[in-house]
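Okay, structure first, notes after.
Nothing fancy with the numbering, it's 1 onward along the sequence. Note: hydrogens, waters and symmetry copies are ignored here, and every other heavy atom, side chains too, is used.
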Amino acid sequence: MNVNQISTTHLLDTFSEVFPEDTSIAIADSRTFIYYKPSPVIDLQIKPGDQVKQGSATYKAFSLRRSIFSYIDSSVFGVSYFGLSVPIFNNGKPVNCVTAIFPMRKNYSLPAFFTVKNEDCWYPVAVSDILYLEAENRKAKIVTEQIQGYHKFNLSEIEYLLPSEYFIRCHRSFIVNVRAIAEIQPDFHSTFLLIMKNGDRIPVSQSYASYFRKQLMF
């Protein structure tokens, strides 16, 4: 259903009932924002007609063709925020996207460490040391060069806690630290194979290949 077939007022009324007053709302087509309602708490200074910026929550939802909830750092709009973006489809194609923009709380910061369990012990792991994360047994397996272990959150829950400028979802089962990629090799059907610095090989699935290329600009 296209947003043109739904009244903007109805969409905003629905979102206003669901989200708190400090939430900003943006509506975009595949290229530009067509509506923006800032909150008193967070304002990304979006204007109707502005292009959808690469790296924004709206951009990610269009690129991945699915709803996303993601932390977006200040390099995109000058303000860090959490974005919940929901694409609206028409004839199987995402034609519009509604994004709820949540402010970063003053007492909130992204974690610098995650604690993982390996056998019967727990180990603190610095986020900067993570090579990649893998979905396994409904938990997130975190891999570094020194150790690997399991976090209590699953991959989707932990994704929005990672700094988006370094960590990219490349497969529904993998998130990689781009600083830990040693080599990118072509694979079958326009996909890629990532060779990590520890020698592990991580697939980039077809559904994430286009988004992955845009994020790494190749």
Distance-minimising heavy-atom pair for [X] and [Y]:
X: F153; Y: L161; result: CE1-CD1, 3.9 Å
X: I181; Y: L194; result: CD1-CD1, 4.1 Å
X: H171; Y: P203; result: CB-O, 3.7 Å
X: T191; Y: V204; result: CB-O, 3.1 Å
X: R65; Y: P94; result: NH1-CD, 3.3 Å
X: A28; Y: V52; result: CB-CG2, 3.9 Å

| message | side chain to side chain contact (heavy atoms under 4.5 Å, CB included) for L155 and I175? Distances and angles first, verdict last. | response | CA-CA 8 Å; L155 202 63; I175 297 172; 3.9 Å; yes
| task | Give a yes or no on whether a salt bridge exists between K197 and E145, defined as a side-chain N under 4.0 angstrom from a carboxylate O. | result |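 Result for this pair is no, no salt bridge flagged.
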| With a 6.0 Å cut-off on ring centres, are F82 and F69 close enough? | yes
| Does the gap between the ring centers of F62 and Y211 come in under 6.0 Å? | no
Same cluster for [X] and [Y] if Ile/Leu/Val/Met/Phe/Trp/Tyr side chains link at under 4.5 Å?
X: I158; Y: I68; value: no
X: Y59; Y: I101; value: yes
X: F102; Y: F33; value: no
X: I46; Y: L84; value: no
X: I195; Y: F192; value: no

| query | Among pairs that include at least one residue of residues 46-56, which meet side chain to side chain donor-acceptor pair (under 3.5 Å), considering only residues two or more places apart or in two chains? | reply | none
| said: Quick test of your reading: applying side chain to side chain donor-acceptor pair (under 3.5 Å), list the pairs with at least one residue in residues 146-158, sequence neighbours left out, ordered by first then second residue. | reply: E136-Y150
So, do [X] and [Y] sit near enough that their side-chain heavy atoms are less than 4.5 Å apart?
X: L162; Y: F114; answer: yes
X: N118; Y: V116; answer: no
X: Q185; Y: R201; answer: yes
X: S67; Y: V86; answer: yes
X: P163; Y: V127; answer: yes
X: I130; Y: V143; answer: no
X: I147; Y: V125; answer: yes
X: L131; Y: D200; answer: no

Distance (rounded to the nearest 0.5 Å) between [X] [atom1] and [Y] [atom2]:
X: S173; Y: E134; atom1: OG; atom2: CD; value: 7.0 Å
X: C170; Y: Y208; atom1: SG; atom2: OH; value: 9.0 Å
X: L44; Y: S80; atom1: CG; atom2: OG; value: 10.0 Å
X: F212; Y: S210; atom1: CZ; atom2: OG; value: 12.0 Å
X: S207; Y: L64; atom1: OG; atom2: CG; value: 8.0 Å
X: K139; Y: L133; atom1: NZ; atom2: CG; value: 15.0 Å

| task | Return yes if a side-chain donor-acceptor contact under 3.5 Å exists between T99 and T58, otherwise no. | result | yes
| Side chains of Y166 and D73, donor plus acceptor under 3.5 Å | no
| message | Is it the case that the side chain of D29 and the backbone of N96 share a donor-acceptor pair, with hydrogens and angles ignored and the cut-off at 3.5 Å? | response |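 Not at all, since once roles are kept as given, no pair shorter than 3.5 Å links the two residues.
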| Under 3.5 Å: donor-acceptor pair, side chain of S24, backbone of I42 |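 Here the side-chain-to-backbone pair exists.
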| field | Residue list, side chain to side chain donor-acceptor pair (under 3.5 Å) with D129, at least two apart or on another chain | value |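 Here no residue qualifies.
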| task | Check whether more than 12 heavy atoms from other residues, nucleotides or ligands sit under 6.0 Å from atom CZ of R172, and answer yes or no. | result | no
| request: Report the C-alpha distance between Y71 and F167 in whole Å, list the side-chain angles of each, state the deciding distance to 0.1 Å, and finish with yes or no for ring pair (Phe, Tyr, Trp, His ring centres under 6.0 Å). | output: CA-CA 11 Å; Y71 164 77; F167 288 87; over 10 Å; no
| message | Please determine whether side chain to side chain contact (heavy atoms under 4.5 Å, CB included) holds for the pair S30 and K93, giving the CA-CA distance in whole Å, both sets of side-chain angles, and the decisive distance to 0.1 Å. | response | CA-CA 10 Å; S30 59; K93 295 182 179 180; over 6 Å; no
| Under 30°, 30 to 60°, or over 60°: which ring-plane class applies to Y132 and F174, parallel, tilted or perpendicular? |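 The arrangement is tilted - the two ring planes meet at 30° to 60°.
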